[in-house]
Student: 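Okay, here's the structure, questions in a sec.
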Amino acid sequence: MSPRKTYILKLYVAGNTPNSMRALKTLQEILETEFRGVYALKVIDVLKNPQLAEEDKILATPTLAKILPPPVRRIIGDLSDRQRVLIGLDLLFEELATDTTDMLHFDPEEAM
């Protein structure tokens with residue numbers, strides 16, 4: 001069994017708005033059920049740290065940025081679409097890829 005990846009995530013929020021709080025709550029639920037301790041999450045309030053948002057070119061909040069493992073990915077919104085979040089974090093894609101390997105096999109000889 002290969003060692004699990006460690007995920008480094010940043011969640012950019014703008015104060016305690018309903019969307020920001022919903023995004024944080026949803027993300028925490030996903031991280032606790034799907035990532036079980038193999039993540040580090042930094043929550044950045046762009047109202048308190050506008051320079052960080054500017055440096056990371058954050059144009060909207062809430063925005064979730066997956067820093068590690070590569071590639072860097074960003075998800076904008078309140079993260080209520082769980083499947084979209086998992087795909088954005090490359091978690092669901094890996095599970096789908098391993099589950100559908102047999103279905104992806106195509107033998108041109110059999111098609112004739």
Side-chain angles (χ1 to χ4, degrees):
M1 189 167 123
S2 63
R4 294 197 60 187
K5 296 176 190 171
T6 299
Y7 286 77
I8 308 295
L9 307 166
K10 291 182 181 179
L11 179 63
Y12 297 87
V13 296
N16 294 329
T17 64
N19 273 350
S20 294
M21 293 299 97
R22 187 168 36 253
L24 181 57
K25 182 175 185 279
T26 303
L27 181 59
Q28 287 174 328
E29 289 169 1
I30 290 171
L31 292 174
E32 288 305 313
T33 57
E34 304 293 338
F35 293 85
R36 297 181 197 91
V38 292
Y39 67 88
L41 172 64
K42 182 172 185 177
V43 179
I44 299 166
D45 186 337
V46 301
L47 299 178
K48 293 178 182 170
N49 297 299
Q51 74 282 1
L52 291 178
E54 191 174 317
E55 287 170 15
D56 293 340
K57 297 177 175 53
I58 300 300
L59 303 175
T61 59
T63 294
L64 174 63
K66 177 183 67 105
I67 309 305
L68 287 175
V72 172
R73 294 269 169 93
R74 292 186 180 173
I75 304 165
I76 299 170
D78 67 4
L79 310 180
S80 58
D81 185 341
R82 182 182 182 88
Q83 187 170 6
R84 190 172 143 238
V85 173
L86 293 175
I87 290 170
L89 295 175
D90 292 330
L91 186 71
L92 192 61
F93 178 77
E94 287 174 11
E95 290 175 358
L96 289 173
T98 56
D99 290 345
T100 59
T101 316
D102 293 333
M103 294 190 308
L104 296 175
H105 174 71
F106 175 73
D107 185 347
E109 303 270 327
E110 292 175 7
M112 296 182 156

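Nothing here was measured: the structure is a model prediction, and the numbers come from that model.
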Student: Run through the side-chain heavy atoms of Ile, Leu, Val, Met, Phe, Trp and Tyr, join any pair under 4.5 Å, and report what else lands in Tyr12's cluster.
Tutor: Ile44, Val46, Leu52, Ile58
Student: Hey, any chance Tyr7 and Val72 share a hydrophobic cluster, counting ILVMFWY side chains that come within less than 4.5 Å of each other, even indirectly?
Tutor: no
Student: Residues in salt bridge (charged side-chain N to carboxylate O under 4.0 Å, His left out) with Glu54, at least two apart?
Tutor: none
Student: List for me each residue that meets side-chain hydrogen bond (donor to acceptor under 3.5 Å, both in side chains) alongside Thr61, sequence neighbours excluded, and say none if there are none.
Tutor: none
Student: For Asp78, check salt bridge (charged side-chain N to carboxylate O under 4.0 Å, His left out) against everything at least two apart and list the hits.
Tutor: Arg22
Student: Considering residues at least two apart in sequence or located in another chain, which fulfil the salt bridge (charged side-chain N to carboxylate O under 4.0 Å, His left out) criterion with Lys42?
Tutor: none
Student: Return each pair, listed once, that meets salt bridge (charged side-chain N to carboxylate O under 4.0 Å, His left out) where at least one residue sits in residues 11-21; pairs must be two or more places apart or across chains.
Tutor: none
Student: Starting at CG of Leu24, measure out to CG of Asn19 and round the result to the nearest 0.5 Å.
Tutor: 12.5 Å
Student: Is Ile8 isolated, or which residues cluster with it under the ILVMFWY side-chain rule of less than 4.5 Å, directly or via members?
Tutor: Ile67, Leu68
Student: Using the salt bridge (charged side-chain N to carboxylate O under 4.0 Å, His left out) criterion, which residues pair with Asp56? Sequence neighbours excluded.
Tutor: Lys10
Student: Ignoring hydrogens, what is the shortest heavy-atom contact between Pro69 and Thr6? Give both atom names and the distance.
Tutor: CD-O, 3.7 Å
Student: Mind listing the closest non-hydrogen atom pair of Gly15 and Leu47 along with its distance?
Tutor: N-CD1, 3.6 Å
Student: Which atoms form the tightest heavy-atom contact between Ile76 and Ala60, and what is the distance?
Tutor: CG2-CB, 4.0 Å
Student: Tell me the side-chain hydrogen bond (donor to acceptor under 3.5 Å, both in side chains) pairs involving residues 65-74, sequence neighbours left out?
Tutor: Lys66-Asp90, Arg73-Asp90
Student: Is there side-chain contact between Thr26 and Val85, with at least one heavy-atom pair below 4.5 Å?
Tutor: no
Student: Please answer: with hydrophobic residues joined when any side-chain heavy atoms are less than 4.5 Å apart, are Leu86 and Ile75 in the same cluster?
Tutor: yes
Student: Taking Ser20 for its side chain and Ala14 for its backbone only, find out whether a donor-acceptor pair lies under 3.5 Å.
Tutor: yes
Student: Residues two or more places apart in sequence or in another chain: which of them pass side-chain hydrogen bond (donor to acceptor under 3.5 Å, both in side chains) with Arg82?
Tutor: Thr33, Glu34
Student: Considering residues at least two apart in sequence or located in another chain, which fulfil the side-chain hydrogen bond (donor to acceptor under 3.5 Å, both in side chains) criterion with Glu32?
Tutor: Tyr39
